[in-house]
Amino acid sequence: MKLPYYPGCTLKANARHFEKSAIQAMEKLDFQLVEMKDWVCCGTVFSMTSDDLMLQLASVRNLLRAEKQNLKELIVLCSMCYNTLKRANDFIVKDKGNLEKVNNFMYKENLTYSGKIEIYHLLSILKDRIGFSVIAEKVKKKLSALKIGAYYGCLLVRPEELAIDNFEDPSIFEDLISTLGGESLDFAYKLECCGAYQTVTKKDVSVKRVYEILNSARESGCEAIVTSCPLCAYNLDFLQKDVEEEYLDFNRIPVFYFTELMAVALGCGWDKNWSSLHFTDPEPLLREKGLI
Amino acid sequence: MKAFEPKIVCFLCKWCTYAGADLAGTSRMKYPPNGVVIKTLCSSRIDPEHIMLAFQQGCDGVFIGGCHPGDCHYQSGNYKTQRRIVLLKKMLKQLGINPERLRLEWISASEGNKFANTMIDFTEQIKTLGPVPKTSGKEDK
Amino acid sequence: MYIRIKAADINNTQVKKIEELSGQNIFDCYQCGNCSSGCPVVDYMDISPNQAMRLAQYGRIEEVLSSEMIWICSTCLQCSSRCPKGIDVAKVMEAFRTINLRNGIGVVNPKQLGITETKDIPPILLICAMRKMTG
Amino acid sequence: MKKIGVFVCHCGVNIKDTVDVEKLTEQLAIYPGVTYIENYMFMCSDPGQNMIKKAIKEKKLDGIVVAACSPTLHESTFQNAVEEIGLNKYQLEVANIREQCSWVHNNIQEATRKADLIIKTAIEKLKLNESLKPVSAPLTKRVMVIGGGIAGIQAALDIADGGYEVVLVEKKPSIGGHMIQLSETFPTLDCSQCILTPKMVQLGKNKKVTLYVNSEVESIDGFMGNFKIKIKRKPQYVDPDICTMCGDCTDVCPVVVHSEYDEGLSWRRAIYVPFPQAIPASFTIDTENCLGFEPIACGECKKVCQAEAINYDVKTEFFEEEIGAVIIATGFDLYPVENIAEYGYGKYPDVLNGLQFERILSATGPTGGEMLRPSDGKVPKEIVFIQCSGSRDPERHKSYCSRICCMYTLKHAKLYKHKVHDGQPYIFYIDIRSGGKRYEEFIQQAVSEEGIVYIRGKVAKVYKKGDKMIVHGMDTLTGKKVEIEADLVVLAQSIVPSEGVEKLIKTLKLSSDDSGFLMEAHPKLRPLESLQSGFYLAGAAQGPKDIPDSVSQASGAAAKILALMSKDEIQHEPIIAVVDENMCSGCGICIGTCPYGARILDENKVAIVNDILCEGCGACISACPSGAAQQKNLTDDQINNMIRVILS
Ligand SMILES: Cc1cc2nc3c(=O)[nH]c(=O)nc-3n(C[C@H](O)[C@H](O)[C@H](O)COP(=O)(O)OP(=O)(O)OC[C@H]3O[C@@H](n4cnc5c(N)ncnc54)[C@H](O)[C@@H]3O)c2cc1C
Ligand SMILES: Cc1cc2nc3c(=O)[nH]c(=O)nc-3n(C[C@H](O)[C@H](O)[C@H](O)COP(=O)(O)OP(=O)(O)OC[C@H]3O[C@@H](n4cnc5c(N)ncnc54)[C@H](O)[C@@H]3O)c2cc1C
Ligand code: SF4
Ligand code: SF4
Ligand code: SF4
Ligand code: SF4
Ligand code: SF4
Ligand code: SF4
Ligand code: SF4
Ligand code: SF4
């Protein structure tokens, strides 16, 4: 079965392994992720100002083009793109006036957006459409010995309206990990922001965040972190270098995309190239656990 | 020519607005003498037909005073009144009577001041509207 | 350590602008501090989110506009999700930033971002920072 | 036609100076229906009243209008006067020409014209007034109290003291309510059980009181003064009159479950006494957990009971009681901790609610009064108390203030300090509400002398790290985020209506407020009564309340009922609705309109009015599309005639 998906810029750059592993893993589940054509930037971050229609244009342009391509839905992998596209969609769909203004502005697209595209995160598809029990049957290599901390960050659970699970106590990630045979461990900071774009302006803010989050996971016994956001993945993984310098008690910890773990568990193996896209290479851990 | 002196019928709820009107009296506030009061136990007793009759008989304005929302002695009578008045105003419009001629206010037993001011204001308003049209269908201001 | 509170400042046009941009009622806030206690980056802020709300209630919008906190807020929505009065605090923070940005005031100057520092950074992160913080 | 007499008062100069009373007298003398008219300086004075009486007698008047001050002032004076001479008081109308005329206008001409209209409306109304008698009905002099907490106990004792029989219905196996679980009580710190148990015993022994425990109200019939109430009693399987409280049965029972009395912090067997001082003093079998005797799967307890108090064959029983009035005192419960995700969703053993902490403080509690935390039995050295947990949060939880938690939280901190001298309590608060007598002093003393630290701000998060509970909060006063490594966290959960009370409210056809508490008839002036006649409220069932307030309300409600019971019949105003059965179409619109449930459709599909329940608001009358309903002495005809006369 085919699933139309929206990649977003980072999946073509720093998070190539996110995209690759997703495509491979989904194939094992008999689903083909088909990239939508002519996509543009998702807008990166949702503008929360009531009158800022301009800043919603990038998102809506994608939705409009999806409609042009006769798509009914878009599957998104990156949490940030998911959050931005979905909120922008809600913003204009809930207010017909907004929809009209945005459409007028983009008259050159030669189509008006009807507001009917549905945005899903891949995790929701796994849970609601495919079903964890179906996935469990297809697992080739159980992640048995692996203790994993599921990190949601902000974008999957806030605001409440678009949360892919209970916004204060989600379990979808943990359920996926158990489906894959791994052991998921609860940790206190799993819903806390990683510092996001503060990395650009005030790196020390993000560094402290990352230290606290990873430390909290370590203390709960996690050996690895799993995430679905290239932004979080970057902060949590690449800032470990700075964390190390700042906090002497810190130990590195690998950060996976959930699709990487799916690929391993569903029998696609580990692509050497993926290691180079991580800062803390997860390969030794996977080897130690006999998973590759 | 004698200036236009509107005729106003006031329906006041015994527990709130009637007592508020009494307080305006004990406080010796002054307001125009155009309105004459009919006391009911609750504003919800007032039937739209009474109001229609009043306008038919040449009444220039009808005033209804009830308890503030939540204060109704009978729990919810004032809400019922409010709903009826909203509907009635629409009907008045269709009959060519300016809905502004019908006013509903929440005035408590302690709001003598508000009662007096409302009477001043309402009388003024009706004066500017002029007499109620004698035959229905004739355009009201 | 001294504020002159004036009737003319309370609910002044700037406050109304913040309310309009954010769609939130500033005066709903009863200063419980929940927004601040949940804020993951409050320890780097010069004033806390609840203090920003308080200053806004006094009409002291300028004071918030010139604070560092509005740029440290990372729009994580933790405050919004916990506010007992249902205020979307993050939207209020966004409104403060927006006023600055529309006046050309920001803290990220794309031209000054060093190539070496940014070469590893994923595009999504860079663009986010620029959209939120470039005046 | 009625012979009407009109009496116009001068009120000294109060009326006379603004209204031309002589002119009025002249004008009205010829108004249709008026047989006699007079004016006088002070109508309310004895000579004034005598003037009226004399006229009634001599001129054979059968209707009187007094044009004077507001009826609120002297209507009853004049009513009494006419009744003395044998005229029905509903044949008297007061025309308010002082408060609503002479005092609010300046121009004599205008005021006189208006006074003339006011008096004419009164005359028009009077013309169609009927002579009425107060509505009366017989009264059953027995009272039911639902709920056996401190409020229910106090109310029952007061009524029994007043000489009337009381039926107390309690859903649990013992009376006592939440107060029996408390350690010491603010603001005086006296022992809760020491002050409550004597009252419980007194009630249990009182000959005028019938106690139904393990029972609930099943259905109700009738109306104020004459209710028939059905009670459902679940079996206890142990006969309280025979049980010697030896406890042999408990020792052999193989089933162990959480104790409700200790809020889940200790254990009990399936055959148990809720607590040592339980009234009635008896063991009870908890059928939900008992291994079962249908067919007998265990039966150990019966084997050992030498007194032969245990009988497995008892079935659920139903009783019907005739009752004149009911007090609802069903109390409260705590908002479940499970609803608050950020404080651990009830998953950490060292995050407790207030009642659990009361049990730990209590000498009869699971630790025998020693301050030990549940997870590992260690003495907690630092405790965080979180106020307003679930309260004052319209967005996610309860919008209201729970009113007692500021006080009991401080009490908790203080009692903790008394037990652990080097311990440190912290209290997170938003505001401190200590409005009762000596409450604020209680708080101040603790802050200045007992080392309790108050932190102003709400806690965002509680989580476990090692054997500590980490608390992230805010001190809004310094503007700094705070983090505390605590050994124990206590949540001051909001007070919510007791579980299942919405069903009771439905059964009794009462109303609740938007938070589910029982609704009072008027927030200020009738806080002890329900809107529905015959029902009274006491204690936390009506809203969060501490013990002094619960007791005051209970005694107040009891006094109201004693006043009611002191009469032989119940009576009330006859200005009520009547239905012309020939005109009623049976549409039923009026039924839903009546706030008192006074309207029903009879078997012929004709609406009838229950005279006793009708309060005379008139809402049903204006709602009736067929014009079938009228209000006595304020009929549509009367109103229309008044309108016509105003516009003449
Ligand atoms: C942690 C804590 C500490 C407190 N400390 C203090 C203090 O120090 N000082 C102070 O003044 N107050 C204190 N209080 C408040 C005090 O507990 C209440 O004021 C008091 O218990 C209210 O009494 P009540 O009879 O109204 O309700 P309850 O005590 O709740 O009693 C209600 C009774 O009705 C029964 N019932 C419920 N529903 C039904 C039904 N449908 N049918 C039949 N029976 C029913 C219940 O089983 C119960 O027995 C404290 C409260 C808490 C939570
Ligand atoms: C500014 C203010 C605003 C308030 N607003 C509200 C409000 O909005 N809502 C609310 O619920 N409550 C309000 N209250 C409270 C309310 O006024 C009181 O609850 C209420 O008045 C108390 O009634 P009382 O009968 O106990 O006392 P009082 O009203 O004080 O009546 C006592 C009476 O006893 C008489 N008296 C005194 N000593 C003697 C004596 N030795 N012999 C004979 N007679 C004596 C006095 O002359 C007086 O008439 C307010 C109070 C204040 C001060
Ligand atoms: S959480 Fe909401 S109410 Fe509380 S201080 Fe922040 S903005 Fe104000
Ligand atoms: S949105 Fe901003 S202010 Fe709110 S919690 Fe997140 S970082 Fe703090
Ligand atoms: S009856 Fe009323 S108006 Fe007449 S004298 Fe008495 S107080 Fe005054
Ligand atoms: S063994 Fe019998 S008498 Fe003894 S406590 Fe149990 S039931 Fe009562
Ligand atoms: S019959 Fe029930 S109560 Fe009796 S001992 Fe057995 S389990 Fe316990
Ligand atoms: S009594 Fe105190 S702790 Fe309880 S809800 Fe009110 S303010 Fe909060
Ligand atoms: S007059 Fe009011 S109380 Fe009486 S039956 Fe009608 S609606 Fe009910
Ligand atoms: S509304 Fe009127 S016609 Fe309808 S049932 Fe009631 S009394 Fe009868």
Side-chain angles (χ1 to χ4, degrees), chain A residues 8-15 18 41-52 55 58 78-81 83-84 153-155 157-160 163 167-168 189 191-206 208-209 212-213 229-235 238 241 279, chain C residues 17-24 38-45 68 71-82 86 88-99 101-102 106-110 112-114 117-134:
Chain A
C9 56
T10 308
L11 267 68
K12 300 294 176 188
N14 308 48
F18 190 7
C41 169
C42 70
T44 63
V45 60
F46 178 75
S47 166
M48 295 189 296
T49 313
S50 55
D51 63 356
D52 240 346
L55 292 176
C78 164
S79 310
M80 190 100 200
C81 302
N83 191 289
T84 310
C154 326
L155 301 162
V157 286
R158 285 188 294 269
E160 193 182 353
F167 80 111
E168 283 283 7
Y189 282 71
L191 301 177
E192 292 212 354
C193 172
C194 66
Y197 44 79
Q198 294 302 340
T199 310
V200 179
T201 42
K202 280 208 162 269
K203 202 171 183 182
D204 48 335
V205 174
S206 302
K208 183 167 179 216
R209 288 273 78 210
E212 283 172 349
I213 294 165
C229 174
L231 200 155
C232 305
Y234 175 80
N235 280 344
F238 284 77
K241 181 160 158 273
F279 171 75
Chain C
K17 188 73 198 165
I18 293 289
E19 291 195 330
E20 182 194 317
L21 287 172
S22 64
Q24 307 301 307
C39 176
V41 292
V42 70
D43 34 351
Y44 285 87
M45 290 176 170
E68 250 190 288
W71 305 113
I72 288 174
C73 163
S74 54
T75 336
C76 72
L77 309 195
Q78 187 66 271
C79 46
S80 308
S81 75
R82 294 265 174 79
D88 198 332
V89 187
K91 277 193 179 156
V92 179
M93 299 306 134
E94 183 99 330
F96 284 117
R97 280 188 297 269
T98 303
I99 290 187
L101 297 177
R102 287 183 188 173
V107 289
V108 172
N109 184 344
Q112 285 173 0
L113 285 176
E117 286 160 33
T118 54
K119 80 170 176 352
D120 291 337
I121 297 185
I124 196 163
L125 219 168
L126 273 178
I127 306 169
C128 266
M130 286 192 273
R131 288 195 78 160
K132 286 280 179 202
M133 304 196 278
T134 303

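Just so it is clear, the structure is predicted and the values come from calculations on it, not from any experiment. Letters A, B, ... mirror the listed sequences (proteins, then strands); counts begin at 1.
- Contact annotation for A/C194: neither backbone nor side-chain heavy atoms come within less than 4.5 Å of a heavy atom of chain C.
- Of all the heavy atoms in A/F46 and C/K132, the pair that sits closest is O-NZ, 3.3 Å.
- Two residues are said to be in side-chain contact when any heavy atoms from C-beta on lie closer than 4.5 Å; A/T49 and C/R102 meet this criterion.
- Interatomic distance, NZ of C/K91 versus OG of A/S50, reported as 8.5 Å (0.5 Å rounding).
- In this structure, the salt bridge (Lys or Arg N to Asp or Glu O under 4.0 Å) partners of C/K17, at least two apart in sequence or on a different chain, are C/E20.
- Looking at C/L77 and A/M48, their side chains come closer than 4.5 Å, going by heavy atoms from C-beta outward.
- Between atom CE of residue A/M80 and atom CD1 of residue C/I127 there is a gap of 10.0 Å, rounded to the nearest 0.5 Å.
- Residues satisfying the ring pair (Phe, Tyr, Trp, His ring centres under 6.0 Å) criterion with A/Y234, sequence neighbours excluded, are A/F238.
- Atom SG of A/C229 sits about 6.5 Å away from atom CD1 of C/I124, to the nearest 0.5 Å.
- Formation of a donor-acceptor pair under 3.5 Å by the A/R209 side chain with backbone atoms of C/P40 is found in this model.
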C/D43/A/K208 under side-chain contact (heavy atoms from CB on, under 4.5 Å): CA gap, chis, key distance, verdict: CA-CA 10 Å; C/D43 34 351; A/K208 183 167 179 216; 2.4 Å; yes

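- Chain C forms the most heavy-atom pairs under 4.5 Å with one residue out of A/L155, A/L55, A/L191, and that residue is A/L55.
- Neither the backbone nor the side chain of A/T84 has a heavy atom closer than 4.5 Å to any heavy atom of chain C.
- When heavy atoms are compared at a cutoff of 4.5 Å, A/A13 approaches chain C solely by way of its side chain, counted from C-beta outward.
- Side-chain contact between C/Q78 and A/C154 is absent, with no heavy atoms from C-beta onward closer than 4.5 Å.
- Panel note: side chain A/Q198, backbone C/I72; a donor-acceptor pair is recorded below 3.5 Å.
- Heavy atoms closer than 4.5 Å to chain C are found in both the backbone and the side chain of A/D204.
- Heavy-atom pairs under 4.5 Å with chain C peak, among A/K202, A/E192, A/E160, A/K12, at A/K202.
- A 4.5 Å side-chain heavy-atom check between C/L125 and A/T10 finds every atom pair outside the cut-off.
- In this structure, CD1 on C/I121 lies 10.0 Å from CG on A/L231, to the nearest 0.5 angstrom.
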